[in-house]
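Data first, discussion second: the structure below is written as structure tokens.
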Amino acid sequence: MSTGSGQSAPNMANMPALNDAEGQRVPQEAGFVIDAHVHVFPQAVFSAVWKWFDAHAWPIRYRLDARSVFDFLLARGVGHVVALQYAHKPGIAEALNRFMVDICRDYPGRVTGLASVFPGEPDAPKILEKAFDAGLAGVKLHAHVQCFDLNSPEMDEICRVCSRAKKPLLIHAGREPKSPAYACDPYEICAVEKIDRMLDTHPDLRLCVPHLGADEFSAYARLIESSDRLWLDTAMAVTDYLPIDNPVRLSEMRADRVLYGSDFPNIPYAWDRELKELAAAGFSRDFLARLMWKNARDFYGISLNFNESEAYETIA
Ligand SMILES: [Zn+2]
């Protein structure tokens with residue numbers, strides 16, 4: 001299904017649960033894996049998120065609390081997790097960031113946490129500086145939930161803090177998956193041109209757009225060719241689930257620009273669905289290693305306590 005301008009966007013409400021089989025471990029062919037897109041929240045927020053997904057998107061298969069999310073993935077062989085959350089309203093980011101710092105402390109070397117902030121809220125720069133000082137490695141924003149303009153003074157102040165602190169920004173800036181339940185129309189506020197402009201305005205900013213930029217796949221694939229400060233993650237985009245056609249072949253995309261991420265646990269299918277797909281896609285060993293861990297390591301500045309040859313022990 002095409003979602004180009006002039007055609008109606010697919011309706012993401014009431015998407016089905018898939019009862020696909022799950023594996024017990026990361027597929028051997030994948031090698032070492034950093035899952036660069038994992039959601040955690042304090043329990044009350046998590047429960048509210050599940051309820052929202054049930055009503056407006058898809059049934060979430062793994063209703064785990066934050067620690068169980070990490071334990072689940074690490075026990076199945078994921079080597080490192082990048083954890084993120086977003087503030088759906090002003091005034092809660094500091095509490096979310098404290099929660100993230102505390103929980104990451106229990107998983108030294110295994111979990112990298114990102115900060116959240118609500119663009120335009122009072123003291124947004126201070127909230128982020130504090131979070132970075134406490135060890136959070138970047139910032140996650142969600143344009144659909146937070147309804148901000150990507151090219152606005154409130155975003156500029158966030159971009160300046162990130163640039164100064166050399167911290168990357170992960171920002172759901174693609175138009176899909178959209179829901180009529182959002183307070184703003186993602187087709188009006190999100191566009192690859194706005195991301196391009198943001199990179200121009202902030203010459204030291206490093207950005208990642210999740211879901212391969214859904215649904216502007218081709219435009220984002222072109223932009224990573226020309227920008228050395230833009231990355232994409234795969235979350236939910238290589239699972240044959242969302243009713244959006246991706247005309248871009250991953251193997252033809254810039255190899256140092258794409259990060260594997262699952263969107264776990266907010267998914268309606270097996271935790272390893274995308275991993276299996278990627279591991280079986282016939283990529284070169286070099287491409288797969290970049291996709292599975294090297295690009296995430298470089299983008300988020302993750303220090304891993306193993307040398308490179310160990311990453312391949314499982315597939316040697
Ligand atoms: Zn996500």
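When a ligand or atom number is given, it counts from 1 through the structure's own listing order. Note that the coordinates shown come from a computational prediction; the quantities given were computed from them, not determined experimentally. Throughout, residue positions are numbered sequentially from 1 according to the sequence presented.
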**Item:** For E157, all residues meeting side chain to side chain contact (heavy atoms under 4.5 Å, CB included), sequence neighbours excluded
**Value:** A124, P125, R160
**Message:** Pair Y62, W271 - check ring pair (Phe, Tyr, Trp, His ring centres under 6.0 Å), show working.
**Reply:** CA-CA 8 Å; Y62 300 93; W271 70 276; 8.1 Å; no
**Inter- and intrachain pairs under ring pair (Phe, Tyr, Trp, His ring centres under 6.0 Å), touching residues 97-127, at least two apart** = F70-Y107
**Item:** H211 and D233: side chain donor to acceptor below 3.5 Å
**Value:** no
**Item:** Which residues share a side chain to side chain contact (heavy atoms under 4.5 Å, CB included) with D54, sequence neighbours left out
**Value:** P59, R63
**Message:** Could you check whether R206 makes a cation-pi contact with F299, meaning its NZ or CZ is under 6.0 Å from the centre of the six-membered ring and within 45° of the ring axis?
**Reply:** yes
**Sphere of radius 2.8 Å around the Zn ion (ligand 1) - protein N, O or S atoms inside** = H37 NE2, H39 NE2, D263 OD1
